[in-house]
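Below is one structure, written out as C-alpha cells; the observations come after it.
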2 protein chains.
Amino acid sequence: MSREFRRAMPLLPISMVMQLTELTARQIRYYEEHKLIEPARSEGNRRMFSLDDVDALLEIRELLDQGINMAGIKKVFDMRKNNNYVKSSNKMAISDSELRSILREEMQQAQIMQKASIRQGDLSRFFQAKGE
Amino acid sequence: MSREFRRAMPLLPISMVMQLTELTARQIRYYEEHKLIEPARSEGNRRMFSLDDVDALLEIRELLDQGINMAGIKKVFDMRKNNNYVKSSNKMAISDSELRSILREEMQQAQIMQKASIRQGDLSRFFQAKGE
DNA sequence: AATACCATGTAAGGAAAAATAACATATTAA
DNA sequence: TTAATATGTTATTTTTCCTTACATGGTATT
C-alpha cells in the first residue's frame with residue numbers, strides 16, 4: 001500500500017523524465033495526448049511525473065521499438081488495467097500474474113538505474129560537485 | 001547498492017522538496033550554504049535533490065526544533081558520516097547500528113508519505129485530474 | 001505514384017519556477 | 001547593548017516549461 005503510493009506520487013519534472021527515459025518532451029507530451037499516461041499538474045500547470053509514469057514511458061518506448069503503434073499500446077495498457085482489476089477483486093495470497101508483474105516492475109526499476117548510471121552524458125553531470 | 005544509489009539520485013526540484021519537508025526555499029538554500037546538504041545542479045544551475053537530501057532536511061528540521069543550531073547539526077551529521085565509514089570498513093553481516101539506521105530511514109520515508117498524503121493543502125492538489 | 005496518416009521535429013511567444021543578491025528582522029548569545 | 005543566527009522579503013535575471021502551429025520523413029492506402 002505504501003509502496004504503491006510511493007510509486008504513484010508525482011515528484012519529477014519533465015526534464016528528469018526525459019533523461020530517465022531518453023524521450024523528448026515532444027514525445028512525452030504526445031503520449032499524454034493519447035492518454036497513455038496522465039501526469040499530474042502542479043499549481044503552475046507543470047507536469048509532475050511519478051515513477052509509475054516513468055515505467056509506463058519506458059514500456060511505451062519499448063513497444064514502439066517493436067513496431068507497435070499508439071493504438072496497439074493503448075490496447076496493451078487497457079488489457080493490463082483490466083487484468084489488474086480482476087486480480088484485486090478476487091484477492092488471493094499472491095497470484096502468478098501478480099508475481100510476474102512485480103518482477104517486471106523490479107526489472108524496469110533496475111533498467112532505469114542502469115540507464116542513469118551507465119549511459120552517461122545524461123545524468124552524469126548531476127553527480128558532479130556532490131563533494132567529499 | 002542499487003537501493004543506495006536510488007536514494008542518492010538527484011531527481012526532485014526544490015518546489016517538491018519544499019512540499020515534502022515543509023521548509024521554505026530560503027531555509028533549504030541556507031542549509032546548503034552551511035554544507036548540511038549539497039544538492040546536485042542541473043545544466044541550467046537548478047538544484048536537484050535526492051531522497052537522501054529530503055531525509056537530511058527532515059532531520060535538520062527536527063534538530064532545529066530541538067533547539068540545536070547549525071553548528072550542532074553539522075556535528076551530528078559529521079559524526080554519522082564517520083560512523084558510516086567505520087561500519088563499511090569492517091563489514092559484517094548487518095550490525096546493530098546499521099539496522100537502526102535502516103529503521104530510521106524507513107521511518108523517515110513513512111513520515112514523508114504521511115506528510116504528503118494526510119497533510120493536504122500541500123500535495124493534495126497534485127492528485128487532481130489523475131482521472132478515473 | 002499520389003495521398004493521407006502517424007510520430008516526431010521545430011519554432012514562437014508567454015508564463016511559471018528558480019537563481020542570486022541585498023537588505024530587513026526577530027530571537028539568542030556574549 | 002551589541003553581535004550573531006536563522007529566516008523573511010523583494011528585485012532582477014535565467015531557466016524551464018507550456019501551448020500552439022506548422023514542417024517532415026516514413027508507412028499505409030488507394
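Small disclaimer: the values here were computed from a predicted structure and weren't measured. So that the names make sense, note that chain A is the first sequence line, chain B the second, and so on, each numbered from 1.
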Only stems of 3 or more consecutive Watson-Crick or G-U pairs count here, both distances under 3.5 Å; name the ones for DNA chain D, or none.
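Listed by first number, the stems are C:1-30 with D:1-30.
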
Integer-rounded Å distance: [N] [atom2] and [X] [atom1]:
X	N	atom1	atom2	result
Tyr30(A)	dC5(C)	OH	P	13 Å
Glu33(A)	dC6(C)	CD	C1'	12 Å
Gln27(A)	dC6(C)	CD	C1'	13 Å

Do Glu38(B) and Arg47(B) meet the salt-bridge criterion of a basic N to acidic O distance under 4.0 Å?
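A salt bridge is absent here (no side-chain N lies under 4.0 Å from a carboxylate O).
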
Partners meeting salt bridge (charged side-chain N to carboxylate O under 4.0 Å, His left out) with Arg29(B) (sequence neighbours left out):
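If we apply the salt bridge (charged side-chain N to carboxylate O under 4.0 Å, His left out) test to Arg29(B), skipping adjacent residues, there are no hits.
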
Non-neighbouring partners of Glu33(A) that pass side chain to side chain contact (heavy atoms under 4.5 Å, CB included), sequence neighbours left out:
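Side chain to side chain contact (heavy atoms under 4.5 Å, CB included) check on Glu33(A) returns Tyr30(A).
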
How long is the gap from [atom1] on [X] to [atom2] on [Y], to the nearest 0.5 Å?
X	Y	atom1	atom2	value
Asp78(B)	Ile73(B)	CG	CD1	12.0 Å
Phe49(A)	Met16(A)	CZ	CE	12.5 Å
Glu62(B)	Thr21(B)	CD	OG1	13.0 Å
His34(B)	Leu36(B)	NE2	CG	8.0 Å
Arg61(B)	Asp65(B)	CZ	CG	6.5 Å
Glu32(B)	Ile14(B)	CD	CD1	8.0 Å

Mind listing the closest non-hydrogen atom pair of Leu11(A) and Met48(A) along with its distance?
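Taking every non-hydrogen atom into account, O-CE, 3.1 Å.
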
Heavy-atom closest pair, residues Met70(A) and Leu64(A):
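Residues Met70(A) and Leu64(A), closest heavy atoms: CE-CD2, 3.9 Å.
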
Where do N or O atoms of nucleotides 26-30 of chain C meet protein N or O atoms at under 3.5 Å, pair by pair?
none

Base versus backbone protein contacts along nucleotides 16-21 of chain D [heavy-atom cut-off under 4.0 Å; B, S, -]
BBBB--

Are Asp52(A) and Asp55(A) side-chain neighbours, meaning at least one heavy-atom pair lies under 4.5 Å?
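Yes, side chains in contact.
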
Short heteroatom pairs, N/O only, protein and nucleotides 25-30 of chain D, under 3.5 Å:
none

Using a heavy-atom distance cut-off of less than 4.0 Å, which residues of residues 63-71 of chain A contact DNA chain D?
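By residue number: none to list.
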
Checking side chain to side chain contact (heavy atoms under 4.5 Å, CB included) between Met18(A) and each of Leu12(A), Leu57(A), Ile28(A), which is the one that passes?
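Only one of Leu12(A), Leu57(A), Ile28(A) forms a side chain to side chain contact (heavy atoms under 4.5 Å, CB included) with Met18(A), namely Ile28(A).
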
Among all residues two or more places apart in sequence or in another chain, which pass the side chain to side chain donor-acceptor pair (under 3.5 Å) test with Asn45(A)?
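Scan of Asn45(A) (side chain to side chain donor-acceptor pair (under 3.5 Å), adjacent residues dropped) gives Arg41(A).
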
Tell me whether the OP1 or OP2 atom of dA7(C) has a side-chain N or O from Tyr31(A) closer than 4.0 Å.
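Checking dA7(C) against Tyr31(A), no side-chain N or O comes under 4.0 Å of OP1 or OP2.
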
